[in-house]
Amino acid sequence: MSFKSGFVSIIGKPNVGKSTLLNAILGEKLSIATQKAQTTRHRIKGIYNTPACQIVFSDTPGIIQPRYKLQGSMMKFVNESLADSDLVLFMSDFESYNEEEDLIEKLKLIETPMIMVLNKIDEHSQEEVASKLAFWEEKKIFSRIIPASASNKFNTDTLVNCILEYLPEGAPFYDQDQLTDKSERFVASEIIREKIMLRYKEEVPYSVQVEIESFKEDPDIIRISALIYVMRDSQKQILIGKGGIAIKNMGIAARRDLEKFFRKKIFLQTYVKVKEDWRDNDYLLKQFGYESE
Ligand SMILES: Nc1nc2c(ncn2[C@@H]2O[C@H](COP(=O)(O)OP(=O)(O)OP(=O)(O)O)[C@@H](O)[C@H]2O)c(=O)[nH]1
Ligand SMILES: [Mg+2]
């Protein structure tokens with residue numbers, strides 16, 4: 001058989017496990033995943049390479065009704081990804097969403113073949129799984145429906161094989177040893193943001209932007225300096241914590257994961273700055289990389 005290559009968009013509501021699935025397929029923790037909704041803010045390409053194929057997955061932000069400009073950009077990333085894919089993976093879990101009917105109407109408009117992934121089956125009984133599968137079958141919008149557990153890597157190989165059936169024959173689009181289209185700086189900033197999402201509550205994770213000020217790689221160490229922007233002074237106080245303990249512990253956790261990803265010793269410095277309402281500021285959103293490609 002000749003070489004197959006193509007683009008696959010992973011879309012769905014927030015928190016259904018899109019990034020977890022991408023990481024499970026790639027065998028690398030490329031895209032950050034947390035229990036909080038709206039973890040992913042960008043379109044992140046993850047490139048799956050074997051001697052027989054190259055699948056360029058796009059992880060995308062969870063589909064929501066935008067309330068501020070940052071969320072508007074996030075939804076633009078979803079649409080762009082849909083526009084240039086050979087196949088769509090629509091992922092859902094067992095939550096029932098208020099706007100589900102609206103979303104289903106939108107899915108019906110997508111002309112690209114779609115595979116539905118029913119995720120998190122590890123948390124549910126066979127009866128529940130069967131009834132959810134029947135619910136989606138009935139919509140008649142998917143070429144295939146695959147029950148899976150991304151965090152347990154259950155059915156992810158089956159899914160990859162199924163994806164390949166829908167991809168055209170053709171040469172690879174990227175170097176066959178390339179993992180992502182994103183820079184090392186981007187991945188570093190995301191690892192730090194993941195730790196903030198995991199360790200802080202309420203609006204703080206949603207008010208944070210992480211920018212890598214410098215990233216210097218020496219033979220035995222990478223020195224990273226990160227600027228963490230928040231929207232208000234009160235958030236800065238929370239982020240830093242009493243005597244700086246909260247940010248110190250966040251930095252330790254981030255460094256641990258940075259060392260795992262880059263497979264090198266890391267020296268990490270963090271600074272916190274206030275940029276009022278950056279989430280609604282066109283200029284800053286552009287500067288922070290939330291502009292369309
Ligand atoms: N039990 C269970 N939990 C899962 C599974 N897959 C993902 N999760 C968990 O679901 C949560 C959300 O996972 P993410 O991968 O961040 O979800 P997402 O769809 O990328 O979310 P957004 O980026 O916010 O759109 C995390 O706590 C994951 O550990 C699964 O198969 N089973
Ligand atoms: Mg995600």
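In listed order, ligands and their atoms are each counted from 1. This one's a predicted model, so the numbers in the text were calculated from it and none came from an experiment. When reading the values below, keep in mind they use all heavy atoms of this one structure, side chains included, and skip hydrogens, waters and symmetry mates.
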Logged contact type for Asp122 with ligand 1, heavy-atom cut-off 4.0 Å, is side chain
Margin query: Side chain or backbone, does Thr60 bring an N or O within less than 3.5 Å of an N or O on ligand 1?
Written below: no
For Gly62, the atoms of ligand 1 under 4.0 Å from one of its heavy atoms are 25 (O)
Given a cut-off of 2.8 Å, the protein N, O or S atoms lying below it from the Mg ion (ligand 2) are Ser19 OG, Thr40 OG1
The complete set of salt bridge (Lys or Arg N to Asp or Glu O under 4.0 Å) pairs with one or both residues in residues 60-70, sequence neighbours excluded, reads Lys69-Asp282
of all protein heavy atoms, closest to atom 18 (P) of ligand 1 is Lys18 N, 3.5 Å
To the nearest 0.5 Å, atom CG of Leu268 lies from atom CD1 of Ile222 at 11.5 Å
*Looking only at N/O atoms, are Ala148 and ligand 1 under 3.5 Å apart anywhere?*
no
If we number the atoms of ligand 1 from 1 as shown, the ones under 4.0 Å from a heavy atom of Gln35 are 27 (O)
Note: Thr40, heavy atoms under 4.0 Å from ligand 1, region reported as both
Filtering Ile64, Val78, Ile44, Thr20 for the heavy atom nearest atom 14 (P) of ligand 1 leaves Thr20
task = Could you tell me whether Ala33 and ligand 1 have an N or O pair separated by under 3.5 Å?
result = no
Residue set satisfying salt bridge (charged side-chain N to carboxylate O under 4.0 Å, His left out) with Asp257, at least two apart, ordered chain then number -> Lys29, Lys195, Lys260
query = Any N or O of Pro14 that comes nearer than 3.5 Å to an N or O of ligand 1?
reply = no
- Message: Tell me whether Asp59 has any N or O atom under 3.5 angstrom from an N or O of ligand 1.
- Response: no
Nearest non-hydrogen protein atom to atom 22 (P) of ligand 1, with distance, is Asn15 N, 3.6 Å
Worksheet entry | Pair Tyr206 + Tyr68: ring centers closer than 6.0 Å | no
Quick note, salt bridge (Lys or Arg N to Asp or Glu O under 4.0 Å) partners involving residues 233-249, not counting sequence neighbours, are none
Any heavy atom of Ala37 under 4.0 Å from ligand 1? The part involved is backbone
Fill in: Electrostatic pair Glu213:Lys273 at N-O distance under 4.0 angstrom
no
